[in-house]
Amino acid sequence: MEIAGTLRTAREMGLVACTSCTRVWPAGTERCGRCGHRLHTRAPLALQRVWAWWLVGVIAYVPANLYPMLSTRTLVASQEATIIGGAVDLARHGNWGIALVILTASVAIPLGKFLAIAMLALGVRHGSALTGSRRQQLYQVVEYIGRWSMIDVFVVAILASLVQLGAVASVSPGPASLFFALSVIFTMLSAQSFDSRLIWDAEREGRRA
Amino acid sequence: MTPAPQAIGPDLTAMIACPRCDAVYRAVQPGPGERAVCACCKTVLIAPRRRAGQQLIAVAVAVVVLVVAATLAPFLAIEVAGRSNASSVLDAALAFAAAGPVAILALAVAALIVFIPVLRALLVIYVLGPVVLDRPPAPHAAAAFRLSEELRPWSMAEIFVIGCAIALVKIADLAQVHFGPAFWMFAALVVLVVVQDGFMCRYSVWKSLER
Ligand SMILES: [Zn+2]
Ligand SMILES: [Zn+2]
């Protein structure tokens, strides 16, 4: 790969880059002539969008933990379990591994994502103790891992369709599954709204100052 | 290569901008198997592979066949005290349909594990088919490829497979569980999806759609 002169950004060169297909166009071009993507030197209102999706994601995460995720009826008993309650139950029965997977996917990852996105967005405005490369890595991890939180919703779907044995045993999904899915989707949208070029703008400005 | 008419000075068609950090480079096509990496943020910009088009189409066809077959065949079956029940992927998606307010989740789950993976595979076939056959790109191929790329994070078939494994352990005490043929099809699908994303050099695809 050849650097065109010194390493410069498209914005500094009076160009606008397509984030979808990497083609560059003269600044002010509205749509990418190769892929049709809308061109913006930096995504407009990126941080506001990040925060808006982030907030609804956090809000949806609260009922996701308060309501039952699953209700199980067997001949002898019927019980409803929240996300954390279900994991505790599994651990009590000796299934430590699975309890850990569920706690990781449904509690640690969502909370970690809320924190990471907030850190990235705050870092753009107020500077960050982390280097640009570290923050870029953090962003990529958030993008990659975020989808995996959906696993608990799928587990509920599988159990509810599979365990339909009339009076012997049956499982049905609780309202928390909807809130949890919404929280995952909103958080993914929040991460996608973030324009990672903002990380590097601040970084380059700092280097120059 | 002819210079872009509007460009006074540098030839814009020969340049590439890192989508992550906005650094601009003069694109130099690396050899097959080699990669061009952004000097600033280390994002992989170009990673061509020999015969990637054929491989990607083969994988996409396999994905379509597997998802359709796996959707209809049972993927798990349980047995408790003489009663048994088998469930297909479609049943799993529809499990939410009966549950009143969470019914819209049924649609979302079906989309994430069936429709979007199939749609992405079909789009890849549509876009790369003509390229592999050395024909001009299909109409709206660029829009089709962009859609397929935008849908990438929303294609969750592989997550569903891991979900099956967890569901199994959860009910292992309660019932006897059997794997159906669809489970193995979906497991194969996970491998294919990983291969598909690893082989895809977006830059090469966009370049080939330019002609
Ligand atoms: Zn473009
Ligand atoms: Zn870069």
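Computed from a predicted model, the values in this text were never measured in an experiment. Letters A, B, ... mirror the listed sequences (proteins, then strands); counts begin at 1.
- Among all heavy-atom pairs drawn from A:T19 and B:P19, the shortest one is O-CB, 3.6 Å.
- Contact check for B:I166 versus A:D152: no side-chain heavy atoms found under the 4.5 Å cut-off.
- Annotation: B:L107, atom CG; neighbour count of heavy atoms from other residues, nucleotides and ligands within 6.0 Å does not exceed 12.
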Tell me, with the steps shown, if B:C18 and A:T22 meet side chain to side chain contact (heavy atoms under 4.5 Å, CB included). CA-CA 6 Å; B:C18 174; A:T22 69; over 6 Å; no
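- Looking at heavy atoms from C-beta onward, A:P173 lies out of side-chain contact with B:L105 at the 4.5 angstrom threshold.
- Minimum heavy-atom separation, A:V24 to B:A17: CG1-CB, 3.4 Å.
- In this structure, no portion of B:F145 lies under 4.5 Å from any heavy atom of chain A.
- Counting heavy atoms of neighbouring residues, nucleotides and ligands inside a 6.0 Å radius, atom CZ of B:R35 does not exceed 12 of them.
- Within 6.0 Å of the OH atom in A:Y67, the count of heavy atoms belonging to other residues, nucleotides or ligands does not exceed 12.
- Neither the backbone nor the side chain of A:V171 comes within less than 4.5 Å of any heavy atom in chain B.
- Ranked by heavy-atom pairs shorter than 4.5 Å toward chain B, the options A:R147, A:Q140, A:H37 are led by A:R147.
- Neither the backbone nor the side chain of A:V16 comes within contact range of chain B; no heavy atom of the residue lies under 4.5 Å from a heavy atom of that chain.
- If you measure heavy-atom distances from B:Q29 to chain A, you find no contacts under 4.5 Å at all.
- Contact between B:G163 and A:I158 at its shortest, heavy atoms only, is C-CD1, 3.6 Å.
- Heavy atoms only, all atoms of each residue included: A:W200 and B:C41 are closest at CZ2-CB, 3.2 Å.
- To the nearest 0.5 Å, atom CH2 of residue A:W148 and atom CD of residue B:E158 are 5.5 Å apart.
- Rounded to the nearest 0.5 Å, atoms CG (B:N85) and OG (A:S161) are 7.5 Å apart.
- Only the side chain of A:Y139 has a heavy atom closer than 4.5 Å to any heavy atom of chain B.
- For the residue pair B:V24 and A:L7, the shortest heavy atom distance occurs at O-CD1, 4.4 Å.
- In this structure, no portion of B:L168 lies under 4.5 Å from any heavy atom of chain A.
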Stepwise side chain to side chain contact (heavy atoms under 4.5 Å, CB included) check, A:L15 with B:L12: CA-CA 9 Å; A:L15 302 170; B:L12 294 189; 3.6 Å; yes
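- In the displayed structure, A:R49 atom CZ is contacted under 6.0 Å by at most 12 heavy atoms of other residues, nucleotides or ligands.
- Closest approach of A:C35 and B:R146 over heavy atoms only: O-NE, 2.8 Å.
- Highest contact tally toward chain A, considering only B:T43, B:D91, B:I78, is held by B:I78 [criterion: heavy-atom pairs under 4.5 Å].
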For A:S20 and B:W206: C-alpha separation, side-chain torsions, deciding distance, then whether side chain to side chain contact (heavy atoms under 4.5 Å, CB included) applies. CA-CA 10 Å; A:S20 165; B:W206 283 120; 4.1 Å; yes
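- Atom NE2 of B:H140 is surrounded by 12 or fewer heavy atoms from other residues, nucleotides or ligands within 6.0 Å.
- Heavy-atom pairs under 4.5 Å with chain B peak, among A:Q164, A:R11, A:M188, A:M150, at A:M188.
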Dump the intermediate steps for side chain to side chain contact (heavy atoms under 4.5 Å, CB included) on B:E210 and A:R23, then the final yes or no. CA-CA 11 Å; B:E210 231 168 22; A:R23 180 94 157 73; 3.6 Å; yes
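- At a 4.5 Å heavy-atom cutoff, the contact between B:R20 and chain A is made by backbone and side-chain atoms alike.
- Looking at B:E150 and A:Q192, their side chains never come closer than 4.5 Å, going by heavy atoms from C-beta outward.
- Of the two parts of A:L162, the backbone and the side chain both hold a non-hydrogen atom closer than 4.5 Å to a non-hydrogen atom of chain B.
- For B:A77, the part lying near chain A is the backbone, with the side chain staying farther off; criterion is any non-hydrogen pair under 4.5 Å.
- Counting non-hydrogen atoms of neighbouring residues, nucleotides and ligands closer than 6.0 angstrom, the CZ atom of A:R134 reaches no more than 12 such neighbours.
- The SG atom of B:C40 sits 8.5 Å away from atom CD of A:Q136, with the distance rounded to the nearest 0.5 Å.
- A:R197 places no side-chain N or O within 3.5 Å of a backbone atom of B:D22 that could act as its donor or acceptor partner.
- With a 4.5 Å cut-off on non-hydrogen atoms, A:I151 touches chain B through its backbone and its side chain both.
- For A:D201 (side chain) and B:C21 (main-chain N/O), no donor-acceptor pair under 3.5 Å exists by modelled atom type.
- Both the backbone and the side chain of A:I185 come within less than 4.5 Å of a heavy atom in chain B.
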